[in-house]
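To keep things clear, I will list the structure first and then write my remarks on it.
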Amino acid sequence: MKVRLLASSVQDPSRRQFVTSCLINRAVAIDAGCVGFYGSPQEQEAIRHVFLTHSHADHTASLPMFVENTWSSSGKCPRIYGSRETLDSLQRHVFNNTVWPDLVALSKEKHPFLSLCPLQAEVPVEADGLRITPVRVNHLVPTFGYVVSDADGAVIIGADSGPTDRLWEVAHQTDGLWAVFLEASFPNSMKSLAEAARHLTPEMFRREVEKMPSGVRVVAVHIKVRYREQVIRELRALRLPNLEIGECEKEYEPGLVMASIA
Ligand SMILES: [Zn+2]
Ligand SMILES: [Zn+2]
């Protein structure tokens with residue numbers, strides 16, 4: 001499995017992650033913050049499955065363009081997965097004939113644009129050789145973190161979340177877990193905002209890491225760009241042995257974990 005955080009900034013693309021999309025094996029995306037701005041229409045068309053963590057704009061912003069870029073008269077269309085609440089909000093607030101054409105209704109005609117696939121918590125689905133299990137986390141709107149597994153191991157995409165427990169219980173039951181992508185949105189001085197918005201500061205991040213299986217690679221993501229340097233300083237000060245700061249466009253894969261542990 002190869003996991004890549006997609007770039008969303010024209011300048012300094014590896015470090016400024018303004019919105020969120022993660023691509024796995026070039027065929028499955030988690031979130032659609034910038035997947036509609038990735039590569040060529042043909043490369044986007046190769047992404048047959050998009051799993052949304054939640055409805056917030058930094059995770060869904062490019063979905064209208066993605067659906068437009070991938071449409072063809074072949075009759076094939078991407079499958080968009082999410083909780084019932086997330087998919088309902090897309091229909092009401094995005095594909096509503098005001099913000100964007102109602103492509104959900106148009107998909108009932110000849111050449112579909114997208115297929116909405118509701119998920120249930122902790123019921124895995126198979127997509128392009130991956131097994132993907134949604135787990136409820138703690139955010140302002142209904143949100144899924146995802147456990148993504150293949151024959152070589154598993155990663156967890158933690159999504160936007162304040163302190164949570166169930167995801168880490170599932171992590172302990174997951175064979176071959178080699179990385180967790182965990183948010184670290186705000187600096188410690190903004191703890192009250194982080195709590196109100198159900199996000200993490202580095203200090204809160206540390207407490208989440210303590211709940212995980214030990215030795216797993218932890219990649220800090222969703223760092224608010226305006227506070228990035230401060231958040232990184234505070235994360236490094238935690239001296240967590242397996243901490244990495246997430247980099248867009250780098251490919252994360254299990255073999256490199258073994259190399260880094262060695
Ligand atoms: Zn959010
Ligand atoms: Zn977010």
Side-chain angles (χ1 to χ4, degrees), residues 3-9 12-24 29-38 50-66 80-94 99 119 121 134-148 155-167 179-188 190-202 204-205 208 218-228 230-232 234-235 245-249:
V3 181
R4 176 172 159 198
L5 308 171
L6 292 185
S8 59
S9 158
D12 204 357
S14 69
R15 301 191 313 147
R16 291 181 189 155
Q17 193 186 17
F18 286 117
V19 295
T20 297
S21 285
C22 170
L23 187 58
I24 304 176
I30 309 284
D31 279 330
C34 52
V35 73
F37 311 138
Y38 152 78
V50 178
F51 289 78
L52 300 173
T53 59
H54 64 303
S55 57
H56 283 163
D58 56 327
H59 300 256
T60 58
S62 75
L63 189 64
M65 295 91 225
F66 172 78
I80 313 298
Y81 304 78
S83 67
R84 175 65 70 187
E85 297 93 333
T86 300
L87 299 183
D88 284 350
S89 83
L90 284 181
Q91 289 187 262
R92 271 186 290 130
H93 303 299
V94 180
V99 172
L119 297 172
V135 180
R136 290 261 183 218
V137 292
N138 168 28
H139 196 40
L140 288 179
V141 294
T143 300
F144 282 143
Y146 289 107
V147 181
V148 183
V155 299
I156 287 179
I157 310 292
D160 289 12
S161 181
T164 193
D165 292 315
R166 180 62 191 150
L167 186 60
V180 174
F181 294 80
L182 183 65
E183 72 135 282
S185 293
F186 293 111
N188 287 327
M190 297 176 75
K191 183 176 180 223
S192 59
L193 177 59
E195 286 176 339
R198 310 253 183 108
H199 282 299
L200 300 177
T201 64
M204 297 159 83
F205 180 101
E208 297 308 294
V218 184
V219 183
V221 294
H222 203 276
I223 301 171
K224 296 287 180 184
V225 175
R226 192 176 183 101
Y227 308 105
R228 180 179 166 84
Q230 190 180 349
V231 169
I232 290 174
E234 292 174 0
L235 284 169
I245 307 301
E247 262 181 68
C248 295
E249 297 307 305

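Order of appearance sets the numbers: ligands from 1, and atoms from 1 within every ligand.
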Minimum side-chain heavy-atom gap Ser14-Glu249 below 4.5 Å: no
Practice problem: Please examine the side chains of Ile24 and Phe51, heavy atoms only from C-beta on, and report whether any two atoms are closer than 4.5 Å. | Solution: no
Give the ring-plane orientation class for His139 versus His54, where under 30° counts as parallel, over 60° as perpendicular and anything between as tilted. perpendicular
For side chain to side chain contact (heavy atoms under 4.5 Å, CB included), just list the numbers for Thr20 and Thr53, CA-CA rounded to whole Å, side-chain angles, deciding distance to a tenth of an Å, and then say yes or no.
CA-CA 10 Å; Thr20 297; Thr53 59; over 6 Å; no
Output field for angle at the Zn ion (ligand 1), His139.NE2 vs His54.NE2, rounded to 10°, should show 100°
Kindly check if the number of other-residue, nucleotide or ligand heavy atoms within 6.0 Å of CZ (Arg226) is above 12? no
Contact check: His56 to the Zn ion (ligand 1), N/O/S below 2.8 Å: yes
Of all N/O/S atoms in [X], the name of the one nearest the Zn ion (ligand 2):
X      : result
Asp160 : OD2
His222 : NE2
Asp58  : OD2

